[in-house]
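Notes to accompany the following structure.
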Amino acid sequence: MYEPDKTEARWQAFWAEQRTNEPDLDHAERPFFNLMMYPYPSGEGLHVGNLYAFTGADIFGRYQRLRGRDVFEPIGFDAFGIHSENYALQVGTHPMDQIPRNIANFERVLRRAGIMYDWSHTVDTTDPDYYRWTQWIFLQLFKAGLAEKKEAPVNWCPSCQTVLANEQVIAGRCERCDTPVEQRLLSQWFFRITQYVERLLANLDWIDWSETTKVAQRNWIGRSDGARLWFPLEQREIAGDSHDPEQARREAIEVFTTRPDTIYGATYMVLAPEHPLVERLASAEQQDEVNAYQRATAATDLVERRKTEKAKTGAFTGGYAVNPATGNRVPVWIADYVLMEYGTGAIMGVPAHDQRDFEFAREFGLDILPVVASKALIGADQDPAAFDLRVGEEAFVEHTEDEVLINSDRFSGLAAEEGGRAIVDWLGERGLGEPHVNYRLHDWCISRQRYWGPPIPVIYCSECGIQPVPESDLPVLLPHVEDFRPDAGGVAPLARAEDFYRVPCPDCGAEGRRETDVSDTFLDSAWYFMRYPSVGFDDRPFDAERTKRWLPVDMYIGGEEHAVLHLLYSRFITMVLHDLGHLTFEEPYKRFRKHGLLIKEGAKISKSRGNVILPDQYIERYGADAFRTYLMFLGPFQEGGDFRDVGIAGPERFLKRVWDSVIGAIEGGRTGFDDPDVERALHATIRQVTQDYESLEYNTAIAALMDYLNVVRAEGRTASVDEVRPLVVLLSPVAPHIAEELWARLDEEPSVFDQAEWPTYDEAKIHTDDVEIPVQVNGKLRATVRVERGASQDVVQEVALQEENVARHLEGVEVRKVVHVPDRLLNLVVG
RNA sequence: GCCGGGGUGGCGGAACGGCAGACGCAUCGGACUUAAAAUCCGAAGGGACGAAGGUCCCGUGUGGGUUCGAAUCCCACCCCCGGCACCA
């Protein structure tokens with residue numbers, strides 16, 4: 001009798017006692033670092049989505065192990081952060097008490113699920129032995145000039161009462177609580193990730209990652225090629241050759257554009273309402289209107305402001321600038337459709353060729369002047385320099401190969417792209433233009449005005465300014481404070497803990513004050529995988545030898561939701577540590593594969609829907625093996641699938657039958673292969689399962705195993721031990737407990753993961769002597785015939801023609817053509 | 001709007017130029033049982049004809065195309081999911 005609860009408990013105890021899953025980190029000869037994204041240990045318990053991801057990753061790890069690799073498969077807990085803090089606030093506990101309970105609960109479930117973790121090398125980001133090195137990493141960036149404190153407009157969540165990184169703002173709302181985000185001008189710590197943007201982009205071309213993830217990163221980085229142009233302010237004359245270009249630029253409005261070719265159509269300019277030049281440009285008579293508009297914008301939250309479909313609003317400043325190409329003076333407006341944080345916070349308005357500018361010009365009666373048109377439209381007989389193009393209800397924005405410039409002086413008639421380059425060159429001679437690449441990506445704001453994170457290791461000295469905490473003083477311990485509530489004014493909770501922040505300057509001893517902000521959780525997770533092999537080394541973040549042996553990560557499996565956050569930050573931190581000489585590699589993950597998303601009965605799983613699945617009850621009822629098998633069977637791992645309770649019955653029955661068949665084989669005592677069909681099925685199954693594990697297609701691997709079992713036990717047949725031994729091995733990555741038990745009962749030495757050889761297949765044994773060939777007439781199936789493998793067309797055709805059904809369809813018509821694919825198909829084309 | 005991914009039986013999904021629906025769930029029929037559950041055996045995309053073995057037609061979101069042959073490749077469109085979005 002198959003009793004999963006007993007079997008699973010026995011083998012989990014065996015693994016723990018024998019330290020089966022703890023590779024020798026110093027001497028492993030064929031190291032394989034199998035990594036999965038560590039979870040946030042929530043108070044609600046381990047989510048089935050976590051277990052889905054972990055199981056898929058675990059199968060890959062176990063498979064690599066059976067292929068002879070020394071697999072290191074660690075787990076840790078991403079336990080700092082707003083989520084934990086909010087949960088503690090909600091249930092009225094302290095995170096320092098709550099988190100260890102959550103972690104213990106997670107560990108219990110993960111052990112119960114039979115994941116091959118090395119429990120002697122876990123990471124907890126809230127452990128001072130860990131965050132000490134998170135602080136150390138901050139210091140390395142600080143010393144390298146890659147961490148800077150600057151006053152900047154930042155995203156402020158009024159509900160969480162903290163600053164958010166751009167990546168944490170989803171459609172203008174806080175990713176945590178969905179509250180519309182405000183902009184505030186605050187002094188914050190930033191990591192200069194923008195300095196690495198080209199490398200982050202370039203390496204995407206060669207790292208082995210899911211293509212969709214690479215695309216998401218490219219989009220996020222948002223490289224756009226264009227030019228910077230300077231429109232001199234009107235009260236100054238246009239800077240001529242005799243002027244210093246630097247001077248000219250200081251007295252001008254700088255814009256970024258991807259369409260410098262359209263500058264002759266720039267009939268006005270728009271500044272973001274917060275733009276520093278607004279004050280200077282605003283005329284006395286427009287001052288009130290400008291101020292009113294600025295106030296109105298400031299009062300609007302980002303969600304409202306960034307609505308695309310919203311009608312265009314704005315205010316005229318009363319000031320003018322000069323279009324450096326035409327020499328015409330153009331009015332300068334402010335409008336909220338221009339955003340301070342993208343480009344230069346100012347644009348040239350080209351209403352004929354930009355839909356937004358078009359709408360704005362229409363609203364305020366500004367000139368609309370087309371300067372680009374297709375050759376076909378112009379025709380051969382017209383002069384592009386004076387072409388009269390009428391603009392309809394929309395801007396003319398298509399950007400095609402055959403467009404040429406019109407109404408653009410001497411550039412008229414040039415192809416648009418070429419003309420754009422020529423114009424930028426020409427403006428460049430006067431210092432008023434240059435090619436420029438702009439990025440959507442901003443520097444990474446790591447300051448958080450919250451409690452539950454690693455304190456940023458900096459001291460502000462009244463005498464000597466910003467001082468890093470000496471490395472020897474790390475960690476800066478997060479004190480246990482009772483009132484860890486965030487503050488609406490943006491003051492960090494630690495700023496209320498005088499014992500914490502009052503310290504002498506580490507350099508001069510004068511009165512100093514600690515930084516009271518903590519760092520972003522994403523900094524914790526940007527390097528956690530580097531710590532795993534070096535857990536236990538107290539005097540260094542990562543040991544050189546261990547790191548060399550195990551990193552970079554061989555396989556990383558995780559959710560697509562981290563495509564642009566965690567994965568980008570950890571690449572950045574790895575590059576920095578590489579450049580500073582701490583690492584020998586610059587990309588952290590050799591391979592990354594995303595897993596799909598689980599839904600339940602067609603609906604998204606979420607707390608608010610109340611359809612959250614906790615694995616505990618299922619493991620309790622069906623056993624970990626059956627639950628794992630079901631999770632992996634319900635759909636392609638990389639695409640996700642639909643979880644339905646009733647579906648577990650299939651895998652559950654399958655495992656019972658495996659048990660009965662193997663036990664039956666052992667009791668029967670027969671060896672060898674007496675049935676060529678079974679042997680053939682075995683070899684085909686080994687081939688299929690091997691390919692599927694390799695490519696993470698676990699659902700079809702399991703289907704293949706079910707298929708094979710159906711062959712083995714057909715019509716009350718009793719299997720031989722040689723027929724079932726490979727089945728046990730092939731199944732073991734998915735259902736490790738039952739596999740261990742059956743392996744042992746087959747009189748083999750445990751553990752199957754150390755003792756078994758991965759089964760090999762013989763292509764020749766998969767082939768039969770005969771093949772079944774479908775016979776089509778005009779592409780429609782009319783019969784199947786059995787012929788010898790490799791039979792010639794003549795032979796196949798002869799056999800086919802004897803089929804009554806084929807002959808009938810050939811009656812009275814002429815065979816015009818015969819398509820024969822050897823061993824695959826015969827198609828008779830009649831006319 | 002832009003960028004990804006996807007639309008196949010009652011359901012989850014296979015197949016990804018060559019016998020559509022593997023494998024499984026649910027369903028139905030049978031065996032076992034006093035009975036039920038469990039287990040085992042079998043049926044099954046839809047339709048038409050046939051007593052039956054069978055035979056034919058229709059079928060992979062819609063419409064076109066390429067091909068001897070298309071779920072699979074190409075073009076256009078519709079719908080769903082995920083991401084980004086007044087990004088200049």
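Residue numbers start from 1 in every chain, and the chains themselves are labelled A, B, ... in the order their sequence lines are given, proteins ahead of strands.
Atom name P, nucleotides B/G30 and B/G24: the rounded distance is 23 Å, in whole Å. With both ends at atom P, the span from B/A31 to B/C23 equals 25 Å, rounded to whole Å. Annotation: B/A51 and B/U34 have their P atoms spaced 40 Å apart (nearest Å). Taking atom P in both B/U62 and B/C11, one finds a spacing of 15 Å when rounded to whole Å. Rounded to a whole angstrom, the distance from the C1' atom of B/U8 to that of B/A15 is 10 Å. Here, B/G59 and B/G69 have their P atoms 16 Å apart, quoted to the whole Å. Comparing B/C16 with B/C73, their P atoms sit 11 Å apart, to the nearest whole Å. Rounded to the nearest Å, the gap between the C1' atom of B/U72 and that of B/G65 is 15 Å.
Here the P atom of nucleotide B/G53 and the CD atom of A/E804 are 16 Å apart, to the nearest Å. Atom C1' of nucleotide B/C3 and atom CD1 of A/I221 are separated by 15 Å, given to the nearest angstrom. Separating the CD atom of A/E601 from the C1' atom of B/G10 is a distance of 14 Å, rounded to the nearest angstrom. Note: CZ (A/F360) to P (B/C87) measures 15 Å, nearest angstrom. Rounding to whole angstrom units, CG of residue A/D823 and P of B/C19 are separated by 14 Å. Between the CD atom of A/E652 and the C1' atom of B/C23 there is a distance of 17 Å, given to the nearest Å. Atoms CH2 (A/W220) and C1' (B/A85) sit 11 Å apart, rounded to a whole Å.
A/R228 comes within 4.0 angstrom of no nucleic acid atom, judged by non-hydrogen atoms across all strands. Here A/R653 lies in heavy-atom contact (under 4.0 Å) with sugar-phosphate atoms only. A/R356 comes within contact range of at least one nucleobase, with a heavy-atom separation under 4.0 Å. Within the 4.0 angstrom heavy-atom criterion, no nucleotide atom of any strand lies near A/I702. Among the heavy atoms of the strands lying under 4.0 Å from A/D707 are primed sugar atoms or P, OP1, OP2 only; no base atom is included. In this structure, A/N438 reaches neither bases nor backbone, as no heavy-atom distance under 4.0 Å exists between it and the strands shown. Residue A/E772 is classed as a base contact, given a heavy-atom separation below 4.0 Å to a base. Among the heavy atoms of the strands, none lies under 4.0 Å from A/V775. Nucleic acid contact for A/T784: base, since at least one base atom lies under 4.0 Å from a heavy atom of the residue. A/N778 comes within 4.0 angstrom of no nucleic acid atom, judged by non-hydrogen atoms across all strands. As judged by a 4.0 angstrom heavy-atom cut-off over every strand, A/V819 is placed among the base-contacting residues.
Of the candidate nucleotides B/G82, B/C87, B/C86, B/G82 has the atom lying nearest to any side-chain atom of A/K604. Taking every side-chain heavy atom of A/I347 into account, B/A88 is the closest of B/G18, B/C11, B/A88. In the set B/C86, B/A22, B/C19, B/C19 carries the atom at the smallest distance from any side-chain atom of A/P774. Nearest nucleotide to the side chain of A/F633, out of B/C23, B/C86, B/C19: B/C23. In the set B/G24, B/C25, B/G18, the nucleotide with an atom closest to the side chain of A/A649 is B/C25. For A/R440, taking side-chain heavy atoms from C-beta onward, the closest of the listed nucleotides B/C19, B/C84, B/G12 is B/C84. Listed nucleotides: B/C25, B/G4, B/A14. Nearest to the side chain of A/T700: B/A14.
No cation-pi contact links A/R571 to A/W220, judged by a cut-off of 6.0 Å to the six-membered ring centre and 45° from its axis.
With 3.5 Å as the limit, one finds a donor-acceptor pair spanning the side chains of A/D443 and A/T194.
Between A/L567 and A/W209 there is a side-chain heavy-atom pair separated by less than 4.5 Å. Residues A/V338 and A/M269 have side chains not in contact (no heavy-atom distance under 4.5 Å, counting atoms from C-beta outward). Contact of the A/M348 side chain with the A/I263 side chain is registered, since non-hydrogen atoms from C-beta on lie closer than 4.5 Å.
If A/Y630 and A/T257 are placed on RNA chain B by their nearest nucleotide, the residue sitting closer to the 5' end is A/Y630. Heavy-atom nearest nucleotides on RNA chain B were determined for A/D642 and for A/N827, and the one closer to the 5' end corresponds to A/D642.
Between B/G83 and A/N219, no contact under 4.0 Å exists linking OP1 or OP2 to a side-chain N or O. For A/R644, no side-chain nitrogen or oxygen approaches OP1 or OP2 of B/G24 to under 4.0 Å.
A/R717 places a side-chain N or O within donor-acceptor distance of the main-chain N or O of A/V712, the cut-off being under 3.5 Å.
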Sort me out a list of protein N/O and nucleotides 55-57 of chain B N/O pairs below 3.5 Å, or just none if empty.
{"from": "B/U55", "atom 1": "O3'", "to": "A/N805", "atom 2": "OD1", "distance (Å)": "3.4"}
{"from": "B/U55", "atom 1": "O3'", "to": "A/R808", "atom 2": "NH2", "distance (Å)": "3.4"}
{"from": "B/C56", "atom 1": "OP1", "to": "A/R782", "atom 2": "NH1", "distance (Å)": "3.3"}
{"from": "B/C56", "atom 1": "OP1", "to": "A/N805", "atom 2": "OD1", "distance (Å)": "3.3"}
{"from": "B/C56", "atom 1": "OP1", "to": "A/N805", "atom 2": "ND2", "distance (Å)": "3.2"}
{"from": "B/C56", "atom 1": "OP1", "to": "A/H809", "atom 2": "NE2", "distance (Å)": "2.7"}
{"from": "B/C57", "atom 1": "OP1", "to": "A/R782", "atom 2": "NH2", "distance (Å)": "3.4"}
{"from": "B/C57", "atom 1": "OP2", "to": "A/R782", "atom 2": "NH1", "distance (Å)": "3.2"}

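Between A/R657 and A/D660 there is no salt bridge, since no side-chain N of the basic residue sits under 4.0 Å from a carboxylate O of the acidic one. Taking the charged nitrogens against the carboxylate oxygens, A/R593 and A/D208 do have a contact shorter than 4.0 Å, which makes a salt bridge. In this structure, A/R782 does not pair ionically with A/E803, as no charged nitrogen and carboxylate oxygen lie closer than 4.0 Å.
By the rule that a glycosidic angle within 90° of 0 means syn, B/G9 counts as syn.
Atom CZ of A/R621 sits in a sparse spot, with 12 or fewer heavy atoms from other residues, nucleotides or ligands closer than 6.0 Å.
Applying the side chain to side chain donor-acceptor pair (under 3.5 Å) rule to A/T768 yields no partners; only residues at least two apart in sequence or on another chain are considered.
Taking the six-membered ring where tryptophan is involved, the planes of A/Y630 and A/F643 are perpendicular, since the angle between them exceeds 60° and thus also 30°. By the 30° and 60° cut-offs, the orientation of the rings of A/W333 relative to A/F364 is tilted.
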**Asked** Taking only Watson-Crick and G-U wobble pairs with both distances under 3.5 Å, what dot-bracket line describes RNA chain B, where [ ] shows pairs that cross earlier ones and | shows pairs with another strand?
**Response** (((((((..(((.....[....))).(((((.......))))).(((((....)))))..(((((..]....))))))))))))....
